[in-house]
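Quick note on labels: first sequence line is chain A, next is B, and so on, each numbered from 1.
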There are 2 protein chains.
Amino acid sequence: MTDISYPTKDIRLAVDCIIFGFSGSELSLLLIHRGFEPEKGLWSLMGGFVKDDEHLDESPRRVLKSLTGLDDIYLEQVHAFGDVGRDPGGRVVSLTYFALIRKETEDEVLLDEHDARWFPITDLPELIFDHQEMVKSALKQLILKTRIQPIGFNLLPEKFTLPELQSLYEAIYGRRLDDRNFRRRILSLGILEKLEEKEKSNSKKGAYLFRFDKTAYDALREDAAKMNVFLTLF
Amino acid sequence: MTDISYPTKDIRLAVDCIIFGFSGSELSLLLIHRGFEPEKGLWSLMGGFVKDDEHLDESPRRVLKSLTGLDDIYLEQVHAFGDVGRDPGGRVVSLTYFALIRKETEDEVLLDEHDARWFPITDLPELIFDHQEMVKSALKQLILKTRIQPIGFNLLPEKFTLPELQSLYEAIYGRRLDDRNFRRRILSLGILEKLEEKEKSNSKKGAYLFRFDKTAYDALREDAAKMNVFLTLF
DNA sequence: GCAAAAGTGTTTTGTCTACACCCATGA
DNA sequence: TCATGGGTGTAGACAAAACACTTTTGC
């Protein structure tokens, strides 16, 4: 939350966004520099108050649009934080959402205006209030969800290489994966469409580009649902 | 939510509890009969408004205490529901919590006073507002969580038999499990302490009682955490 | 021709599945 | 003695883990 007015003594409802991005081999978070008291100078999640006539899930969309210029962001509600006194300005209950965005699609000018910066998830600055805890729970949810739903693709360009995809999983899970096993596993699911093109910016040989095949995934998921069985992607 | 007053035009924050219980071989939900308009005569989740100076997680505890007389209930926050117009009485954002309680520990008199009744999860009555959706998401979370954390024990007495435990998992997952495989798997984790006593109410031979061994589980979980690896219970 | 990343296969190990019979006891 | 639920073992299928070398090509 960045809004500094706390008009009533009643509970106010805010949203805070944990914005994940990925590039190279690093998972990172978009944070904004807090230019006012309290806790001026620290960093915080992007947030805002929920409007009276606004659908809950619209609220983070509006906030993200204002920060990045982007629509169509993958968003998932994480948790409501409501300790009395968590926000020194009054009783604010904050709903957190994590967002997955494709870095380099965001609007640099808007980011600058908000004094926003990307930080590697492994090296975050000090955050205001309970935002550290919010990040932690969002990351946990991202990890769990990634295992069972193909949401990671929202962090990659539409076309991506297998080494890129592997790096992403490694960044999310925080551990190295065996390339051969990774390939075999992810390809065996049949949810990746191999393209003819190669991406040559990372190597001389070039790596084949793939695209996520939503239709194939939906079929896979339906099969699993029919048998009341758990689907694990990786 | 059962409170019928909506004092302001601003967003009000409520909690609704999805109360799971287990007995025999059935997972069930505790619902209350709605005695006033709108939607009088239907059934609803137990709920209430969050108080101005109340810690969020305290709110469902208070609500549950008033309904069942119980403290020390396993509670987990699920999701915030905030469609504009989801509650015809005003803008109410409702936070849902699922609760796991040991049936037969609850206070019958209080339940009667609230016109509360247990319903099998497979055969629920019509619910008010979006409570159906709330139940669905809570059940989904229960299923997912059960796989990776030993929360099911909160639905069983402290001492339980393996057939009981298996029935519980079957009820939660909604499918039959092989007894031999179930036993092998759950025992191999080493998180159950076998007692000398037998429980004879379900069979002539009697089944050994077990107790959840939290210490062993914590050690197991820590090992998994160290290796950044996923822990699956069943 | 060499450095750097992409791509490929096999063996071993362990885990999950499927499946059928004996045991203990109260009635 | 029989009906009922509790308890056990094994073989085969499958999936995961471990592991090393070849390919391509820009420089």
Side-chain angles (χ1 to χ4, degrees), chain A residues 23-26 147-148 156 159-171 173 175-211 220 223-224 227-234, chain B residues 23-26 147-148 156-157 159-171 173 175-211 220 223-224 226-234:
Chain A
S23 62
S25 58
E26 246 177 16
R147 278 199 85 195
I148 58 173
L156 293 174
K159 301 172 180 184
F160 51 85
T161 67
L162 288 188
E164 278 168 358
L165 185 61
Q166 181 177 344
S167 295
L168 173 61
Y169 274 78
E170 290 178 337
Y173 293 158
R175 70 185 150 97
R176 298 301 307 275
L177 302 171
D178 182 275
D179 6 350
R180 289 152 294 187
N181 295 337
F182 179 80
R183 268 165 191 278
R184 187 183 14 254
R185 174 62 185 273
I186 207 84
L187 289 176
S188 74
L189 292 170
I191 60 172
L192 295 184
E193 182 189 354
K194 186 175 184 174
L195 306 176
E196 292 307 313
E197 317 160 58
K198 285 192 162 189
E199 159 64 50
K200 298 204 146 194
S201 63
N202 279 316
S203 76
K204 292 152 187 173
K205 184 177 177 180
Y208 281 104
L209 286 166
F210 288 80
R211 189 194 286 140
L220 187 66
D223 285 353
M227 308 206 293
N228 253 10
V229 122
F230 297 103
L231 188 55
T232 308
L233 298 190
F234 200 90
Chain B
S23 61
S25 58
E26 245 178 15
R147 278 199 86 197
I148 58 174
L156 293 173
K159 301 172 181 183
F160 49 85
T161 67
L162 287 189
E164 278 168 358
L165 185 62
Q166 182 178 343
S167 295
L168 173 61
Y169 274 79
E170 290 178 338
Y173 293 158
R175 70 184 150 98
R176 299 299 307 276
L177 302 171
D178 182 275
D179 7 350
R180 291 151 291 192
N181 295 337
F182 179 79
R183 269 164 191 278
R184 190 186 10 259
R185 175 62 185 275
I186 206 83
L187 289 176
S188 74
L189 293 169
I191 60 172
L192 295 184
E193 182 190 353
K194 185 175 184 175
L195 306 176
E196 292 308 314
E197 317 159 59
K198 284 192 162 188
E199 159 64 49
K200 300 202 144 194
S201 63
N202 279 317
S203 76
K204 293 152 187 174
K205 183 176 177 181
Y208 280 105
L209 286 166
F210 287 80
R211 189 193 286 140
L220 187 65
D223 286 353
K226 252 182 216 133
M227 308 205 293
N228 254 12
V229 122
F230 297 104
L231 188 55
T232 307
L233 299 189
F234 199 89

Look at all strands and tell whether [X] reaches a base, only sugar-phosphate, or nothing, counting heavy atoms closer than 4.0 Å.
{"X": "B/D178", "result": "base"}
{"X": "B/N181", "result": "base"}
{"X": "A/R185", "result": "sugar-phosphate"}

Exercise for the section: Find which nucleotide of DNA chain C each of A/K194 and A/K204 is nearest to by heavy atoms, and output the residue with the more 5' nucleotide. Expected result: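 With A/K194 and A/K204 compared, the 5'-side residue is A/K204.
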Practice task
Return the 5'-most residue of the pair B/G206, A/Y208 with respect to DNA chain C, ranking by each residue's nearest nucleotide.
Solution key: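 On the 5' side of the pair lies A/Y208.
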In this structure, how many angstroms lie between the [atom2] atom of [N] and the [atom1] atom of [X], rounded?
{"X": "B/K205", "N": "D/dG5", "atom1": "NZ", "atom2": "P", "answer": "13 Å"}
{"X": "A/K198", "N": "D/dG26", "atom1": "NZ", "atom2": "P", "answer": "10 Å"}
{"X": "A/L189", "N": "D/dA15", "atom1": "CG", "atom2": "C1'", "answer": "12 Å"}
{"X": "A/L177", "N": "D/dA16", "atom1": "CG", "atom2": "C1'", "answer": "13 Å"}
{"X": "A/R180", "N": "D/dC19", "atom1": "CZ", "atom2": "C1'", "answer": "5 Å"}
{"X": "B/L187", "N": "D/dG7", "atom1": "CG", "atom2": "C1'", "answer": "11 Å"}
{"X": "B/F182", "N": "D/dG7", "atom1": "CZ", "atom2": "P", "answer": "12 Å"}
{"X": "A/R175", "N": "D/dA18", "atom1": "CZ", "atom2": "P", "answer": "10 Å"}

Problem - N/O donor-acceptor pair under 3.5 Å between B/E193 side chain and B/R211 backbone - result: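 Not a single qualifying donor-acceptor pair exists.
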Handout entry: B/E199 (side chain) donor-acceptor with B/S201 (main chain) under 3.5 angstrom
Key =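 Side chain of B/E199 to backbone of B/S201: a pair is present.
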Any [X] side-chain heavy atom under 4.5 Å of [Y] side chain:
{"X": "A/L189", "Y": "A/F234", "result": "no"}
{"X": "A/E164", "Y": "A/S23", "result": "no"}
{"X": "A/F160", "Y": "A/L192", "result": "yes"}

Practice task
Check every nucleotide of DNA chain C for an atom under 4.0 Å from a heavy-atom of chain B, then give the first and the last such nucleotide from 5' to 3'.
Solution key: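 Nucleotide range with atoms under 4.0 Å of chain B: C/dC16 to C/dG26.
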Exercise for the section: Give a yes/no on whether any side-chain N or O of A/R184 is located under 4.0 angstrom from OP1 or OP2 of D/dA16. Expected result: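 For D/dA16, OP1/OP2 do not have a side-chain N/O of A/R184 under 4.0 Å.
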Practice task
Decide if atom OH of B/Y173 counts as having more than 12 heavy atoms of other residues, nucleotides or ligands within a radius under 6.0 Å.
Solution key: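 Buried by this count: over 12 neighbours within 6.0 Å.
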Exercise for the section: Inspect the surroundings of CZ in A/R176 and state if more than 12 heavy atoms from other residues, nucleotides or ligands are less than 6.0 Å away. Expected result: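 Check fails, neighbour count at 12 or below.
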